[in-house]
**Student:** 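Sharing a structure, written as structure tokens. Questions coming.
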Amino acid sequence: MRGDPDSRAVRVRFAPSPTGFLHVGGARTALFNWLFARHHGGAFILRIEDTDLTRSTEQSVQTILDGLAWLEITWDEGPFFQSREVEAHRAVAKRLVAEGKAYPCFCSPEDLDRKRQAAETDGAAWKYDRTCLRLDSAEVMDRLTVGVPAAIRFKVPEGPIAWDDLVHGPTTFDSAVIEDIVLLRSDGSPTYNLSCVHDDIGMRITHVIRGDDHISNTPKQVLLYRAAGVEPPRFGHLPLILGPDKKRLSKRHGAVSVTEYRDRGILPETLFNFLTLLGWSPGDGREKMTRAEITAAFTLEAINRKGAVFDEQKLEWLNSQYINDLDPTRLADLVRDGLKTAGLWSADLDTPGGRHDWYLRVLGTLKARSKVIGDFARDLRPFLSDEFDYAPDAVEKHLAGAKGGGPAAVARRMRDLRGALAQVGEFTEPATEEALRRLAESKGEAAATYIHPLRVALVGRAVSPGIFAILTLIGLDRTIARLDRLAGFLEAMPAVQG
RNA sequence: GUCCCCAUCGUCUAGCCUGGCCUAGGACACCGCCCUUUCAAGGCGGUAACACGGGUUCAAAUCCCGUUGGGGACGCCA
């Protein structure tokens, strides 16, 4: 009931201020609006709230647009720029003054700051003291004609303010705790609450869905709707996204911008799905869902009232699931840039007939254990280049360790293995596996004592996909070369170790 | 400080509106076992929560009140 849209077609908006990047919190707000619109076949409108000219930048607008596009949160109308409506906003403020619902305020920001600070040291709550409301009209005229800078304040009427929140249910404020809202700054520029209400009316917004941090703005806006003689839209306040310390997610928690997650190798479908699960669930236990499934299941009444901690580990888990589902061609597209910066890229990886098919097979074996796209540049190195280091933990565990009998014993096994592998007719997984196992058996040793050092020789690490898959992907010649390189390394080891 | 919001495993949540099916279900993480070739992946299993106190009721995680705790807002920012 709470969330059911009435007979009017649903019209919602996302209204970011372009003063930085697209924050995941903002993205989630956009997402829920988008989902609500799509679920009800309504319109999703994008409005850029750039009324703070000193902080708004064109670059930030672009970043926000890019972030939304990347997440495929598409808008039906806009982007509209709030700054274009400035004249209309001023007219509204002037009309309110004429109607006696607002008044000029000559208090300087410095004066107000001083009073605020004084109140704070007294431990008292600060609220504008209406100094300028008490001015007689002659005094006001005098100051205005002399050109004393004046802001316009809305005269907050007495009485309770209530609305039925789409998420929280009935919510009430006493107007006694609300100070007279500044509508126009002394330089004549409109402020947030005025602009927001005016534009929402103009755009015929039916549901305002935004973060919990806006709850205290809502009574002010309800007042402005009343003053305009317009029925307010429905309001729904989303719980905040929190950091691990349960405080509002912010930069000090690490990555918070959509772009950072993209650059780190989180897939857009992952972030979309994950953000959706922060404060909402379909109620039937499903977690990994397509956007169509999410859209179909989405309702506002299923939204939680409690803030949700952004769990990076779960995000990466979800991402690993999505990576595993990726088709090889798209995966190759996603990995390409990372390979280029790592200097591992060559055109024949993309050329059918070149190493393309082989490359796709390599990607296929690696993807099951990858959490982020960035993992691939690291894991692909031993396949695309002969230049890679032996990881210290792998050296210690499988080359130097007493378990393998020390470097000399390892060297002997690898020498034998080199010979055995060279004898293999067809260099396939079963054939190489059989050769290795037969060798180990003939020596009365565990296959693992051959496999581990071999892995270090081939990829330089203690972890990898199945060793025989790697072996065949790397091929006989390069395997031999790598075993030789390992032999040299082992020989030098005692000296290196001191 | 004032106002507002919130309260189920460490985390995301199901259940709450319409009390009984809840000795509270799922997922991430963690631990163990299996598979095995190490880690991972996969399979199986385990540890782990109704903040507290009153009340209503035959019966409360679910309804009411209070306490405590947490968060947010208190701008001529949006």
Side-chain angles (χ1 to χ4, degrees), chain A residues 1-2 15-19 49-52 54-56 82 105 107-109 112-113 116 119-120 122-127 149-153 165 167-169 171-174 176-179 181-193 195-196 211-219 237 239-240 242 244 246-248 274 277-288 301 304-318 320 324 367-371 393-394 397-398 433 436-437 446-452 454-456 461-468:
Chain A
M1 244 260 271
R2 273 192 287 142
S17 60
T19 54
E49 306 219 320
D50 57 346
T51 50
D52 185 347
T54 57
R55 295 200 304 149
S56 300
Q82 193 160 58
C105 172
C107 298
S108 70
L112 294 171
D113 269 353
R116 229 189 314 270
E120 200 174 316
D122 288 355
W126 162 254
K127 195 179 126 186
I152 301 297
R153 281 186 190 269
D165 197 277
V167 174
H168 294 284
T171 308
T172 59
F173 276 80
D174 186 336
V177 302
I178 298 170
E179 76 171 4
I181 309 154
V182 172
L183 263 18
L184 249 39
R185 301 183 185 90
S186 44
D187 66 1
S189 62
T191 60
Y192 168 71
N193 285 115
S195 307
C196 182
D212 264 354
D213 51 340
H214 279 287
I215 288 185
S216 55
N217 281 320
T218 300
H237 293 93
L240 263 19
L242 313 174
K246 305 276 190 134
K247 290 192 201 307
R248 187 183 175 157
F274 184 74
L277 260 17
L278 252 29
W280 177 83
S281 89
D284 56 13
R286 282 182 296 165
E287 292 199 317
K288 183 164 177 283
E301 45 276 284
N304 271 103
R305 287 173 293 274
K306 191 179 61 162
V309 174
F310 192 96
D311 183 354
E312 298 266 346
Q313 273 189 318
K314 190 155 184 176
L315 174 70
E316 293 208 342
W317 167 79
L318 225 210
S320 73
N324 203 223
K367 74 176 184 181
R369 64 208 71 209
S370 301
K371 282 182 160 37
D393 66 313
K397 202 165 164 194
H398 299 304
E433 177 161 9
L436 183 145
R437 288 188 188 284
T449 59
Y450 289 79
I451 285 166
H452 297 316
L454 173 61
R455 172 174 291 109
V456 180
R461 306 184 67 214
V463 297
S464 81
I467 189 68
F468 301 106

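Below, chain A is the first sequence line, B the second, and so on; all start at residue 1. All values below come from the heavy atoms of this structure, side chains included, with hydrogens, waters and symmetry mates left out.
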**Student:** Give one of base, sugar-phosphate or nothing for Gly466(A), where a contact means two heavy atoms less than 4.0 Å apart.
**Tutor:** base
**Student:** Tell me, for nucleotides 16-34 of chain B in 5' to 3' order, what letter each nucleotide earns: B for a base near a protein heavy atom under 4.0 Å, S for only sugar-phosphate near one, - for neither?
**Tutor:** ----------BBSS-----
**Student:** Glu312(A) CD to C12(B) C1': how many Å, rounded?
**Tutor:** 14 Å
**Student:** I'd like the P distance from G70(B) over to A48(B), given in whole Å.
**Tutor:** 26 Å
**Student:** Could you pick out which residue, Val463(A) or Lys306(A), lies toward the 5' side of RNA chain B when each is mapped onto its nearest nucleotide?
**Tutor:** Lys306(A)
**Student:** Could you please name the partner base of U57(B), counting Watson-Crick and G-U wobble pairs only when both distances are under 3.5 Å?
**Tutor:** none
**Student:** Residues two or more places apart in sequence or in another chain: which of them pass ring pair (Phe, Tyr, Trp, His ring centres under 6.0 Å) with Phe274(A)?
**Tutor:** Phe310(A)
**Student:** Let me know, please, whether Leu277(A) or Ala462(A) comes out on the 5' side of the other along RNA chain B by nearest nucleotide.
**Tutor:** Leu277(A)
**Student:** Is it true that a side-chain atom of Thr171(A) and a backbone atom of Asp165(A) form a donor plus acceptor pair closer than 3.5 Å?
**Tutor:** no
**Student:** How far does the P atom of U47(B) sit from the matching atom of G26(B), given to the nearest Å?
**Tutor:** 11 Å
**Student:** Taking the side chain as everything from C-beta on, heavy atoms only, tell me whether Phe173(A) gets closer than 4.5 Å to Thr218(A).
**Tutor:** no
**Student:** How many Å lie between CD on Glu120(A) and C1' on G1(B), as a whole number?
**Tutor:** 9 Å
**Student:** Quick one: NZ on Lys306(A) to NZ on Lys246(A), what's the gap to the nearest 0.5 Å?
**Tutor:** 6.5 Å
**Student:** Before giving the answer on side chain to side chain contact (heavy atoms under 4.5 Å, CB included), spell out for Leu454(A) and Leu436(A) the whole-Å C-alpha distance, their side-chain angles and the decisive distance to 0.1 Å.
**Tutor:** CA-CA 10 Å; Leu454(A) 173 61; Leu436(A) 183 145; 4.1 Å; yes
**Student:** Mind checking the OG-CG spacing from Ser189(A) to Leu183(A)? Nearest 0.5 Å is all I need.
**Tutor:** 11.5 Å
**Student:** Taking atom P in both A24(B) and A29(B), compute the distance separating them and give it to the nearest angstrom.
**Tutor:** 24 Å
**Student:** Could you work out the separation of G19(B) and C64(B) based on their P atoms and round it to a whole Å?
**Tutor:** 12 Å
**Student:** I'd like the P distance from G71(B) over to G66(B), given in whole Å.
**Tutor:** 22 Å
**Student:** Could you identify the nucleotide paired to C74(B), looking across every strand shown and requiring Watson-Crick or G-U wobble geometry with both distances under 3.5 Å?
**Tutor:** G1(B)
**Student:** On a whole-Å scale, what distance lies between the P atoms belonging to A59(B) and U68(B)?
**Tutor:** 29 Å
**Student:** When rounded to the nearest Å, what value does the distance between C1' atoms of G69(B) and G32(B) take?
**Tutor:** 35 Å
**Student:** Using a 4.0 Å heavy-atom cut-off across all strands, classify Phe468(A) as base, sugar-phosphate, or nothing.
**Tutor:** base
**Student:** Figure out the CD/P separation between Glu433(A) and U37(B), and round it to whole Å.
**Tutor:** 7 Å
**Student:** Taking a pair as Watson-Crick or G-U wobble with both distances under 3.5 Å, which nucleotide is matched to G42(B)?
**Tutor:** C34(B)
**Student:** Ser320(A) near the nucleic acid: base, sugar-phosphate alone, or nothing, with a heavy-atom cut-off under 4.0 Å?
**Tutor:** nothing
**Student:** Looking at C12(B), C4(B), C6(B), which one has an atom nearest to any side-chain atom of His168(A)?
**Tutor:** C6(B)
**Student:** Indicate yes or no: at least one non-hydrogen side-chain atom of Lys127(A) is less than 4.5 angstrom from one of Val177(A).
**Tutor:** no
**Student:** Across all strands shown, which nucleotide pairs with A27(B) by Watson-Crick or G-U wobble geometry, both distances under 3.5 Å?
**Tutor:** U11(B)
**Student:** Report yes if some heavy atom in the side chain of Ile178(A) is under 4.5 Å from a heavy atom in the side chain of Pro219(A); otherwise report no.
**Tutor:** yes
**Student:** How does protein contact run along nucleotides 68-78 of chain B, one letter per nucleotide 5' to 3', with B for base contact, S for sugar-phosphate only, - for none, heavy atoms under 4.0 Å?
**Tutor:** ---SSS-SBBB
**Student:** Write down the partner of U62(B) under the Watson-Crick or G-U wobble criteria, each distance required to be under 3.5 Å.
**Tutor:** none
**Student:** Under a 4.5 Å cut-off applied to non-hydrogen side-chain atoms, are Glu287(A) and Leu318(A) in contact?
**Tutor:** no
**Student:** Would you mind classifying the nucleic acid contact of Ser195(A) as base, sugar-phosphate or nothing, using non-hydrogen atoms under 4.0 angstrom?
**Tutor:** nothing
**Student:** Would you kindly give the CD1-to-C1' distance between Ile178(A) and U2(B), to the nearest whole Å?
**Tutor:** 13 Å
**Student:** Please name the nucleotide paired to A48(B) by Watson-Crick or G-U wobble geometry with both distances under 3.5 Å, or report none.
**Tutor:** none
**Student:** Between the side-chain atoms of Arg369(A) and the base atoms of A40(B), is any donor-acceptor pair under 3.5 Å?
**Tutor:** yes
**Student:** Provide the distance between the two C1' atoms, one in A49(B) and one in U11(B), to the nearest whole Å.
**Tutor:** 12 Å
**Student:** Could you tell me if the side chain of Val456(A) sits less than 4.5 Å from the side chain of His452(A), heavy atoms only?
**Tutor:** no
**Student:** List the atom of Gly466(A), the atom of Arg369(A), and the distance in Å for their closest heavy-atom pair.
**Tutor:** N-NH2, 4.4 Å
